[in-house]
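Worksheet for the structure shown next.
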Amino acid sequence: MGAFWRSGGAVDFSGTTDSRAKELERRVVLSQYLTKLQGAGSQPPQETGLVLNSWYGRPHLEMHWWHSAHFALWGRPALLEKSLTWYARPDVQAVARGIAKRQGYEGVRWQKMTDPWGQEGPSSVGAFLIWQQPHFIYFAEEIYRQRPDAATLKLYQDRVSATAEFMASYPFFEKDKDRYILGKGVIPAQERFKAEETFNPTFELVYWNWALNIAQQWRVRQGQPRNPKWDAVLQKLSKLPQANGVYLATESAPDSYTNPEFKTDHPSVLAALGVMPATGQVDPATMRRTFDLIWKDWSWDKTWGWDFPMTSMTATRLGLPDRAVDALLMKVRTNTYLPSGHNYQEDRLPIYLPGNGGLLAAVALMCAGYDGCKEANPGIPKGWKVQWEGLSKMP
């Protein structure tokens, strides 16, 4: 581990008088250690890493972002790339391509709950999730930002293209409204909605737009023309659903904030500006009202470990650094970090690595910022003192 600690990014909060700074730094240091030890192998890790089995030992691909996106942000892209080789394996690709073909789509539909060989695990939710799909494009773009050369483009282009082919063939065209919708037959990242009724989840609409645009950039970088079908989807992808001045979780849930069940699990509407950059789809004032409503009314005792860094990232992009720290250190059971650094959820999940990885991504954003950010340390409260090196901006 000596070489590990001599490489990559570092953050130092030691000049800060706020007593929480020491705890945040402890979580940062131990999360680097744990994610390297538990989740930097040749395949996406399971949510409890190598310590114990969770969900029958199966990795969940929608969690791969939370496990591993931070590696590139912390100057250790090689640790991310190790697990990206899994997506290139013929057995894994054959299953993913078979899923898409069976369902009438093009390209590859990346699995949700899988195994080391790419087979799908039985799940009442897994077959309907789609937000794992753009992750590969996000990862490839992270690597390109670290190593913007022809070799990187050649290495990842086929997987980026196959990912985007599915994404362009998946949306349904509503002729009467002249738009493409996501769903029905979809469950959002917030797993509280019935697949048969649900369409146009807010976060997924933004992620779809962002990833298809990045896939087009990959074509242009290699001297290829933009794919006209991808552009057709981008031009007519549905607008983000909103009501009463805030963004809804999904267009099919006008009761997003009045149905008690819909105020539990992941407040993933926030990821539309936080995990995601400004794509032009999100109005910052509307997202600020959405953030304030969720902050006040969400059932935070019914959330998961990565919800707190997700909320922190949205606060950072909205220019709310105090809230960014408040979110990371919110006193909720699922935001517990044990003396070992593990993110405790409950007795069956005494460790939860997506929380650790999410924390590192959030802190990188708080310090290094994001493309177009004009402020130094945009997520660090004004009274805090921070020194850092080796971190990269998020998109």
**Study point:** CZ on Arg333 to CD on Glu346, rounded to 0.5 Å
**Key:** 5.5 Å
Point to revise | Charged tip of Arg26 within 45° of Tyr337 ring normal and under 6.0 Å | key: no
Point to revise | Aromatic Trp55 / basic Arg348 pairing, under 6.0 angstrom, 45° off normal | key: yes
Validation: residues 323-332 side-chain donor-acceptor distances under 3.5 Å, sequence neighbours left out:
residue, atom, partner, partner atom, Å
Arg323, NH1, Asp326, OD2, 3.1
Asp326, OD1, Arg20, NH1, 2.9

Could you name each residue pair satisfying ring pair (Phe, Tyr, Trp, His ring centres under 6.0 Å) that touches [range], not counting sequence neighbours?
{"range": "residues 352-384", "result": "Phe13-Trp384, Trp304-Tyr352"}
{"range": "residues 169-189", "result": "Tyr105-Tyr170, Phe166-Tyr170, Tyr170-Trp208, Phe173-Tyr180"}
{"range": "residues 216-235", "result": "Tyr144-Trp218"}

Check your understanding: Remaining members of Val220's ILVMFWY cluster at a side-chain heavy-atom cut-off under 4.5 Å?
Key -> none
Check your understanding: Do other residues, nucleotides or ligands put more than 12 heavy atoms under 6.0 Å from the OH atom of Tyr344?
Key -> yes
Exercise for review: Decide side-chain hydrogen bond (donor to acceptor under 3.5 Å, both in side chains) for Ser83 and Gln43; before the verdict, give the C-alpha distance in whole Å, the side-chain angles of both, and the deciding distance to 0.1 Å.
Suggested key: CA-CA 4 Å; Ser83 62; Gln43 60 191 51; over 6 Å; no
Revision key, fill the gap. Applying ring-ring contact (aromatic ring centres under 6.0 Å, His included) to Tyr87 and not counting sequence neighbours gives His64, Trp110, Phe136
Exercise for review: Before accepting this row, confirm whether a basic side-chain N of the pair Lys22/Glu25 lies closer than 4.0 Å to the acidic partner's carboxylate O.
Suggested key: no
Exercise for review: Tell me, please, which residues at least two apart from Leu52 pass side-chain contact (heavy atoms from CB on, under 4.5 Å).
Suggested key: Thr48, Pro350, Ile351
Mind listing the side-chain donor-acceptor pairs of residues 276-287 below 3.5 Å, one per line with the distance, residues two or more places apart or on another chain?
residue, atom, partner, partner atom, Å
Thr279, OG1, Gln281, N, 3.3
Thr279, OG1, Gln281, OE1, 2.6
Gln281, NE2, Leu205, O, 3.4
Asp283, OD2, Thr286, N, 2.9
Asp283, OD2, Thr286, OG1, 2.6
Thr286, OG1, Arg289, NH2, 3.2

For residues 357-364, please give each side-chain donor-acceptor pair under 3.5 Å, one per line with the distance, not counting sequence neighbours.
none

**Study point:** Residues that Gln119 engages under side chain to side chain donor-acceptor pair (under 3.5 Å), provided they are two or more places apart
**Key:** none
Review point. What pairs with Asp178 under side chain to side chain donor-acceptor pair (under 3.5 Å), at least two apart in sequence or on another chain?
Key: Lys236
Side chains of [X] and [Y]: do they bring a donor and an acceptor to under 3.5 Å?
{"X": "Trp300", "Y": "Asn335", "result": "no"}
{"X": "Gln216", "Y": "Asn227", "result": "no"}
{"X": "Asn343", "Y": "Gln345", "result": "yes"}

Point to revise | Glu174 (side chain) donor-acceptor with Lys177 (main chain) under 3.5 angstrom | key: no
Could you list the donor-acceptor pairs under 3.5 angstrom formed between side-chain atoms of residues 182-194 and any protein atom two or more places apart in sequence or on another chain?
residue, atom, partner, partner atom, Å
Gln190, NE2, Phe262, O, 2.8
Gln190, NE2, Thr264, O, 3.1
Arg192, NE, Thr264, OG1, 2.8

Review point. Do you know which two heavy atoms are closest between Arg226 and Arg219, and how far apart they sit?
Key: C-NE, 4.0 Å
Review point. Closest heavy-atom contact between Leu212 and Val233?
Key: CD1-CG1, 4.0 Å
Exercise for review: Would you please indicate if the ring centroids of Trp131 and His135 are separated by under 6.0 Å?
Suggested key: yes
